[in-house]
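Residue numbering restarts at 1 for every chain, and letters A, B, ... go by the order of the sequence lines.
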Number of protein chains: 2
Amino acid sequence: MSGRFTPRSRRETRATVLESLLRTGGAFRPSIARETNLTGASISRILTELRKENIIQETRRPAPYVGGPTALVTLSKDVAVAGIELSNSRLSFGVGDLDGTLDYVERMPASSQLSQDEFEILFRQSAANMRDWTRGRDVTIRQAAVSIPGYGRGTGNPIFAWDMARLTAFLEETLHGIPVSVTNSVVAQAAFHRYSISTAYPVADDHLFLFVGHGVAGVIVDETAPIDAFMAFELGHMVIQREGLPCRCGHKGCVEAYTSLRAISKILGIADSEILRRGDAFIEMLNLDGAMRAALRERLFLLGLGLGNALNLHPLSSVVVSGWPSLMPEADRRSILDGLNESLLGGYDENRLHLSFIAPSIGNDPRAALYYAAYCFVRGGGLDTRAETPAALQEIA
Amino acid sequence: MSGRFTPRSRRETRATVLESLLRTGGAFRPSIARETNLTGASISRILTELRKENIIQETRRPAPYVGGPTALVTLSKDVAVAGIELSNSRLSFGVGDLDGTLDYVERMPASSQLSQDEFEILFRQSAANMRDWTRGRDVTIRQAAVSIPGYGRGTGNPIFAWDMARLTAFLEETLHGIPVSVTNSVVAQAAFHRYSISTAYPVADDHLFLFVGHGVAGVIVDETAPIDAFMAFELGHMVIQREGLPCRCGHKGCVEAYTSLRAISKILGIADSEILRRGDAFIEMLNLDGAMRAALRERLFLLGLGLGNALNLHPLSSVVVSGWPSLMPEADRRSILDGLNESLLGGYDENRLHLSFIAPSIGNDPRAALYYAAYCFVRGGGLDTRAETPAALQEIA
DNA sequence: TCGTAATATTTACACTGTGTAATTATTGTG
DNA sequence: CACAATAATTACACAGTGTAAATATTACGA
């Protein structure tokens, strides 16, 4: 389709094929060839290699048409990856396969103001438990992923202000050399919702995934870019009101100070953890109290204002919102549009901007991190990150 | 240095080598090899090819050390590219070589509210003049670049609200099939200032280039990304003050409404075009009038506020500012830091954010577009975009 | 002026990885 | 059970690179 032929290393080609399998959840060879822009010949070569290494499986299926393919190619259920998610209330460890099936989970309560020391103690304990489990079953974890709220490069984490070098060294040591990648929770959530076959998703093109929880953060989901290149978008600390409400960051008038769970829990008079847990039942509160409802609408308006500002910087034609705003009745959500209308260049226009909502994820941890781990494994072509030499490959063969 | 070996197509390798030459302005082979992570053997092959096609030149120089290289490789002076810049006051055409030397310039006055029709008339005339000139001298333009304020994908241009498909078709037709790329003026300016050997530049790592002129726009200069992937960052229409000053976009309280040239020209009581032209002399006005100066400081504060918001979304540790703020005395510029301090997460800290200023470019048009054209030529490996077949290459040889 | 150590440049060869096309295998249907 | 249709494998050609051997060039000192 594009330029005639782009040379790739074996690793890249393997990654392309595996990524296609991860996204589709399994496919016949001809469709893999189509998806990856490779010839059947190449697919054949790559798959023989991957099969020898037990990274993929082929199961017989009736041919979909005369002379059609019969071997459904799927990712192997024998490759284990680990997902580790830190949220504001707990630290969860999970082990599963590339499909997203969780075989082991442990969730430990954690403070939302966890210090790096406390984190390390908690992590070390959970990691030891996970290690016991994998050892008992003779499972080898090929890739681990850790998702942390607020994580990102540059000028430090606004939520957990930790030393990054120390974190990296700690993970390396505690996980005994399992390849590990760290990412922002929002990146993992976005990738999980968008690409995991276990979830439905409203858009298929480039968009902004916005999560409104304890923080307010987003990711630009660029369909052509690798997920591990996604950068979190910290919207929470955009100042939208000079001399406005004080925020935990020390500034005044941040988006977060108006729209985070903590901020609206004050309006509702219930604990922030309650809001998402009540889910749709949360709406019923609103019917009882008109003042609350009006206050929340004002907050949604401000969210829209901030979102519009963000979209002015980085224009996109779709936004997917997750978090408490998704629980609000549609009539109330319209306040977001009003806010957008006051900042988004050219005003809000449903033909130019598509806004959709997905149910806030609660209790799905550490599925997103697990998915991210699977993605990272696949992106590396299923090759050990350390062993780059062909020698390592020959050993397997 | 990185992974052992990344396969590249010939086009990519040629582009890598040529890009290195464009950045350095000429180099000996060993240093090209080092810069591009290629072996001397590869460099040799590529250069023989490029020399045959008259894209590079080699000039003899005394060897820098015993047995050292003697042929300084530079981009050929015989390759012509065209740069076309639309600004708020004129449309400039230029033809030059890959070095940035301008051999032909024509500048036509243009309105800042140019309609697409008017633009086409003006452009057609200038293009015809340029064509006469190139024909007379038997010059073939290999690549053209057009830079337009506000240009970018997505939801239309905030400054020149034109039909993009029409523009593309128009350029294709009017330039008689010369490969042409269109970009945002800020992208061209940033690339020109950062990478052109004719300009000094204060930072060498990833940063935000911010231009404050009639609009307020920036680019994230990512040192590892190709320039033609840079995306403009429209900061001008971030709403920083609800119910604030009206902006030409129809909203209230946009950054542009406070900090654009037009906005401050109202404070100064002189025409906006005068400000940059006076350059440093502009400072003298401030000494006369303390009220003006205080007002400008307030505007710089707001610029800092908006900039901080932008940096929260996309953290970076350096910012380079160009435009009227660069003309202000350093004491006044500090107001930007005060603004940053109220929005940038964690506050402003000179150890975490480096802010520098470069003189606003005035009258250098169309040098930035010319540089961008050279860049695009080089990025394509010096191969005709249309002729992808090896046949075309053989014709040359 | 010339020889030499040091380095640059070119080129033959091996290797990776792909697509093409011929070959072989498999499918559902009549 | 033959057949039309398509899948899967594999030999071969080709592009592009790095390695290393061969060749060329340099400044400098005798």
Please check: side-chain N/O of [X] versus main-chain N/O of [Y], any donor-acceptor pairing under 3.5 Å?
X        : Y       : result
B:Glu12  : B:Ser9  : yes
B:Tyr372 : B:Gly83 : no
A:Ser42  : A:Thr39 : no
B:Ser44  : B:Gly40 : no

- prompt: Is the Lys NZ or Arg CZ of B:Arg142 less than 6.0 Å from the centre of B:Phe377's six-membered ring, within 45° of the axis?
  reply: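 Pair B:Arg142/B:Phe377 does not count as cation-pi.
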message: I need the residues from residues 56-74 of chain B with at least one non-hydrogen atom less than 4.0 Å from DNA chain C; give them sorted by number, or say none.
response: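 Under 4.0 Å from DNA chain C: B:Tyr65, B:Val66, B:Gly67, B:Gly68, B:Pro69.
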- request: Return the residues of residues 22-33 of chain A meeting this criterion: a heavy atom under 4.0 Å from some atom of DNA chain C. Order them by number, or give none.
  value: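 Listed by number, there are none.
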Residue whose nearest DNA chain C nucleotide is more 5′ - B:Ile43 or A:Leu38: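 The 5'-side residue here is B:Ile43.
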Sequence neighbours excluded and cut-off under 3.5 Å, please list the side-chain donor-acceptor pairs for residues 58-73 of chain B, or say none.
{"unit_1": "B:Glu58", "atom_1": "OE1", "unit_2": "B:Arg51", "atom_2": "NH1", "d": "2.2"}
{"unit_1": "B:Glu58", "atom_1": "OE2", "unit_2": "B:Arg29", "atom_2": "NE", "d": "3.3"}
{"unit_1": "B:Glu58", "atom_1": "OE2", "unit_2": "B:Arg29", "atom_2": "NH2", "d": "3.0"}

Mind calculating the distance between [atom1] ([X]) and [atom2] ([N]) to the nearest angstrom?
X       : N      : atom1 : atom2 : result
A:Leu47 : D:dT10 : CG    : C1'   : 15 Å
A:Glu49 : D:dA8  : CD    : C1'   : 17 Å
A:Arg34 : D:dT6  : CZ    : C1'   : 12 Å
A:Ile46 : C:dT16 : CD1   : P     : 14 Å
B:Glu12 : D:dA15 : CD    : P     : 16 Å
A:Arg8  : C:dT18 : CZ    : P     : 7 Å

- request: Evaluate the ring pair (Phe, Tyr, Trp, His ring centres under 6.0 Å) criterion for residues B:His193 and B:Tyr371: first the C-alpha distance (whole Å), next the side-chain angles of each, then the deciding distance (0.1 Å), finally the verdict.
  value: CA-CA 10 Å; B:His193 280 110; B:Tyr371 177 81; over 10 Å; no
query: Do the side-chain N or O atoms of A:Ser44 get closer than 4.0 angstrom to the phosphate oxygens (OP1, OP2) of D:dA8?
result: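 A:Ser44 to D:dA8 OP1/OP2: no side-chain N or O under 4.0 Å.
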- prompt: B:Ala41 has a side chain; which of D:dT17, D:dA20, D:dT9 sits nearest to it?
  reply: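 Closest nucleotide to the B:Ala41 side chain: D:dA20.
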query: How is A:Thr13 classified with respect to the nucleic acid when contacts are heavy atoms under 4.0 Å: base, sugar-phosphate, or nothing?
result: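 Touches sugar-phosphate only.
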- prompt: Hey, are A:Asp99 and A:Thr101 close enough side-chain-wise for a donor-acceptor pair under 3.5 Å?
  reply: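 Absent: no donor and acceptor within the cut-off.
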- request: Let me see the working for A:Arg23 and A:Glu19 under salt bridge (charged side-chain N to carboxylate O under 4.0 Å, His left out), right down to the final yes or no.
  value: CA-CA 6 Å; A:Arg23 290 200 186 185; A:Glu19 197 181 337; 3.0 Å; yes
task: Would you state whether a donor and an acceptor, one from the side chain of A:Arg45 and one from the base of C:dG19, lie under 3.5 Å apart?
output: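 Checked by distance alone, the answer is yes.
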